[in-house]
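Position 1 is the first residue of the sequence, and the numbers go up from there. In listed order, ligands and their atoms are each counted from 1.
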Amino acid sequence: MSGSAFLPLHFERHAPSEMLARAESYHLEMERRRSVRHFSADQVPRRLIELAILTASSAPSGAHRQPWRFVAVSDPRAKAAIRTAAEQEEREFYEGGRATEAWKEALKPLGTDWNKPYLETAPWIVVLFEELYGVEPDGSRRTHYYTKESTGMAAGLFLAAVHRMGLATLTHTPSPMGFLARLLGRPQNERPFVQFPVGYPARGARVPDLRRKSLEEVAIFDPLVDPESSAAPR
Ligand code: IYR
């Protein structure tokens with residue numbers, strides 16, 4: 001059984017200059033990632049989707065339970081069914097009173113509405129499910145830990161993997177998402193977490209003019225150290 005065996009860590013130190021160069025270039029690459037809502041119908045090989053899922057699945061997880069399942073959909077009829085069901089929920093959100101006025105106001109800069117044509121245009125929809133608990137061969141439940149946090153980290157790595165391979169995606173969360181479990185025939189222990197349309201951006205695709213927060217806005221370094229008495233060079 002697994003659990004008690006240990007192996008040597010494969011870890012390579014880089015020269016400091018090399019570390020800085022890698023950090024800068026990865027940062028610049030990730031800065032170019034955008035949520036894309038206009039997709040080309042150009043096909044994307046299944047192997048790329050498999051690799052994005054494998055990278056996502058390298059995420060850490062509570063007690064290494066890996067409480068996630070990725071369901072990849074390319075069949076046009078299945079995508080159309082997802083679009084129809086998603087748009088029904090989105091219509092309730094935007095026009096049926098499900099969203100508060102404040103929420104709709106907050107979304108204005110994104111320019112979104114209930115129409116989700118990308119769910120059919122994009123060659124793939126990858127639906128990420130959070131596995132609430134495991135199921136043993138005898139049908140008994142196996143407890144998972146930090147399923148949301150773990151699945152969220154897998155989602156982040158999926159975004160990075162898709163971006164890195166030269167494709168675009170979007171975290172789409174129509175609410176509620178129960179239709180995805182029904183349409184895709186998922187069991188009781190799986191709850192839809194997010195769906196990712198994946199493909200090439202449409203030619204001429206546009207994205208909202210959003211600013212990312214600065215380092216100063218998102219990071220605090222050594223809040224307990226008095227700057228006067230600190231001799232640490234910066
Ligand atoms: N699910 C809707 C609304 C929406 C909600 C949030 I929070 C967003 O960041 C973006 C959209 C939609 O996809 O249009």
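Inspection of the His64 and Gln66 side chains reveals an N or O donor paired with an N or O acceptor under 3.5 Å.
Contacts of Phe93 with ligand 1, taken as heavy-atom pairs under 4.0 Å, involve the side chain alone.
In terms of N/O distances under 3.5 Å, ligand 1 is not approached by Arg37. Looking at Tyr118 next to ligand 1, no N or O pair under 3.5 Å apart turns up.
Every atom of ligand 1 with a heavy atom of Lys116 under 4.0 Å away is listed here by number and element: 12 (C), 13 (O), 14 (O). Of all atoms in ligand 1, listed by their number and element, those nearer than 4.0 Å to a heavy atom of His172 are 13 (O). Shown in contact with Thr112 at under 4.0 Å from a heavy atom are these atoms of ligand 1, numbered in order with element: 14 (O). Within the listing of ligand 1, atoms 9 (O), 10 (C) sit less than 4.0 angstrom from a heavy atom of Leu110.
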**Request:** Could you please spell out the steps behind the salt bridge (Lys or Arg N to Asp or Glu O under 4.0 Å) verdict for Arg46 and Glu50?
**Result:** CA-CA 6 Å; Arg46 170 179 163 145; Glu50 292 176 352; 2.8 Å; yes
**Message:** With side-chain contact (heavy atoms from CB on, under 4.5 Å) as the criterion, how do Val127 and Phe70 come out once you've worked through the C-alpha distance, each side chain's angles and the decisive distance to 0.1 Å?
**Reply:** CA-CA 6 Å; Val127 186; Phe70 292 84; over 6 Å; no
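Remark: minimum distance from atom 8 (C) of ligand 1 to any protein heavy atom is reached at Leu107 CD2, 3.4 Å. Of the protein's heavy atoms, Tyr94 OH, 3.3 Å lies nearest to atom 3 (C) of ligand 1.
Taking a 4.0 Å cut-off on heavy atoms, Trp103 registers as neighbouring ligand 1.
By the 4.5 Å heavy-atom criterion applied to side chains, Phe196 and Leu159 are counted as neighbours. Contact annotation: the side chain of Arg98 approaches that of Glu89 to within less than 4.5 Å [non-hydrogen atoms, C-beta and beyond].
For residues 52-62, the pairs satisfying side chain to side chain donor-acceptor pair (under 3.5 Å) are Ser57-Trp68, with sequence neighbours left out.
Here the shortest heavy-atom distance to atom 12 (C) of ligand 1, taken over Lys104, Glu90, Met177, belongs to Glu90.
The aromatic rings of His172 and Tyr118 stand perpendicular to each other, their planes meeting at an angle above 60°, with 30° marking the opposite boundary.
Of the possible polar contacts, none joining the Thr147 side chain to the Pro67 backbone as a donor-acceptor pair under 3.5 Å is found.
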